[in-house]
Amino acid sequence: MIHSLEVHDVRKSYGDFQAVKGMSFKVRQGSCFGILGPNGAGKTTLLGMIEGIVPITSGSIDLLGMDVATQIRKIQPRIGVQLQQNNYFQFLSVAQLLKFYQQLRRAGGPPRKGQSIEWLLQRLGLSDKLKFKVDELSGGQKQRLSIAIALLEDPDVIFLDEPTSALDPHSRHLTWEFIEQLKQDPNKTVILTTHYMEEAERLCDEIMIMNDGRVIAQGNPAELVSGMQARQAIQFQFAKGQFKLEYVQDLADATDLHWDDQTDRLRVTTREVAQTMRSILERSQSQRIDVINFDIDRPSLEDVFLSHTVKDPRE
Ligand SMILES: Nc1ncnc2c1ncn2[C@@H]1O[C@H](COP(=O)(O)OP(=O)(O)OP(=O)(O)O)[C@@H](O)[C@H]1O
């Protein structure tokens with residue numbers, strides 16, 4: 001298996017403060033890799049080190065098989081970086097700005113074929129904006145323009161830092177479809193940070209959750225969620241006044257039982273949903289209790305994220 005990125009025990013200190021505290025992970029070529037973490041977790045610092053913008057305090061990073069600390073000039077023409085703050089030259093038109101960045105990128109090496117500017121703009125819903133000045137674009141349009149800039153000159157690795165954070169739902173879906181199209185090229189690797197679990201689940205083949213400068217969990221979205229099986233919960237509603245908690249108190253796989261006698265609802269957290277459901281239905285039948293309704297709460301990626309990260313309200 002070829003890895004586009006290999007991060008070995010990387011650390012970053014700002015004075016006495018350690019923002020990244022020894023992280024190691026690999027990213028498969030052709031995959032979409034998501035970096036998730038609460039505000040201040042160190043995501044932007046980590047991305048900066050990988051992109052060669054932020055100096056590494058210790059450890060090493062190989063990007064496209066080359067050492068970032070010593071070979072960044074060879075790496076740079078092959079990567080595309082979308083910036084979170086897009087303070088582009090406001091007085092240029094969209095066409096001029098794209099040409100400017102294209103020439104800047106070509107200065108780093110021979111031209112690469114890639115998609116045309118027109119194609120990129122069309123896919124990102126900006127075709128009619130070529131003649132607009134950048135400051136005439138909305139915040140969301142500027143954000144999509146920053147993705148187009150990241151894709152100029154056909155990069156092998158594309159870094160997207162919160163690519164849809166300022167977008168309305170329509171533009172977000174348009175951007176997701178665009179990223180899904182990028183993913184179809186097995187030679188391209190997409191590395192993105194996001195605060196949207198739905199985005200990570202839809203786009204990423206692999207997710208790394210980081211907190212306080214460390215890797216907390218890593219896996220594909222389904223694996224991460226299945227690691228939370230002990231948190232699955234079933235809710236039953238019984239006919240008024242028929243059920244008693246003592247009927248189910250000895251259930252083998254239940255990790256938590258909560259009975260609300262005001263609403264006649266039972267909530268059971270369990271490791272074995274099917275077995276627990278069967279047991280409760282059998283006992284209801286033998287006690288002649290009518291089950292009116294039931295519901296299964298399966299854990300989501302958001303539950304995984306929340307269970308691994310602690311939010312400091314000051315951040
Ligand atoms: N240049 C710097 N000097 C000192 N501290 C810094 C610097 N850059 C970042 N930090 C600190 O490093 C920590 C990680 O910051 P970073 O921006 O990497 O987090 P993040 O996960 O990207 O956060 P967010 O989701 O809010 O963008 C924070 O505590 C931040 O204050």
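Both counts, for ligands and for their atoms, begin at 1 and track the order of listing. The model shown is predicted, which means the values in this text are computed figures rather than measured ones.
- No donor-acceptor pair closer than 3.5 Å links the side chain of D290 to the backbone N or O of I292.
- At least one heavy atom of H195 sits under 4.0 Å from some atom of ligand 1.
- Between R265 and D295 there is no salt bridge, since no side-chain nitrogen of the basic residue lies less than 4.0 Å from a carboxylate oxygen of the acidic one.
- Among the atoms of A19, none of the N or O lies under 3.5 angstrom from an N or O of ligand 1.
- Ring-plane geometry between F25 and F33 is classed as parallel, the angle between the planes falling under 30 degrees on a 0 to 90 degree scale with a further cut at 60.
- For ligand 1, the atoms closer than 4.0 angstrom to any heavy atom of G42 are 14 (C), 16 (P), 18 (O), 19 (O), 20 (P), 21 (O).
- Side-chain contact annotation: S146 with Q82, donor-acceptor N/O pair under 3.5 Å present.
- The ligand atoms of ligand 1 that sit less than 4.0 angstrom from a heavy atom of P38 are 21 (O).
- Distances below 4.0 Å separate heavy atoms of K43 from the following atoms of ligand 1: 18 (O), 19 (O), 20 (P), 21 (O), 22 (O), 23 (O), 24 (P), 25 (O).
- Below 3.5 Å of separation, one finds no N or O of F17 facing any N or O of ligand 1.
- Atom-to-atom distance recorded for L151:CG and Y101:OH is 14.0 Å, nearest 0.5 angstrom.
- Residue contacts with ligand 1: G37 is excluded, as none of its non-hydrogen atoms falls under 4.0 Å.
- Nearest to atom 15 (O) of ligand 1 by heavy atom, out of T45, D212, N211, is T45.
- Aromatic rings from F236 and F243 are positioned such that their centres are separated by 6.0 Å or more.
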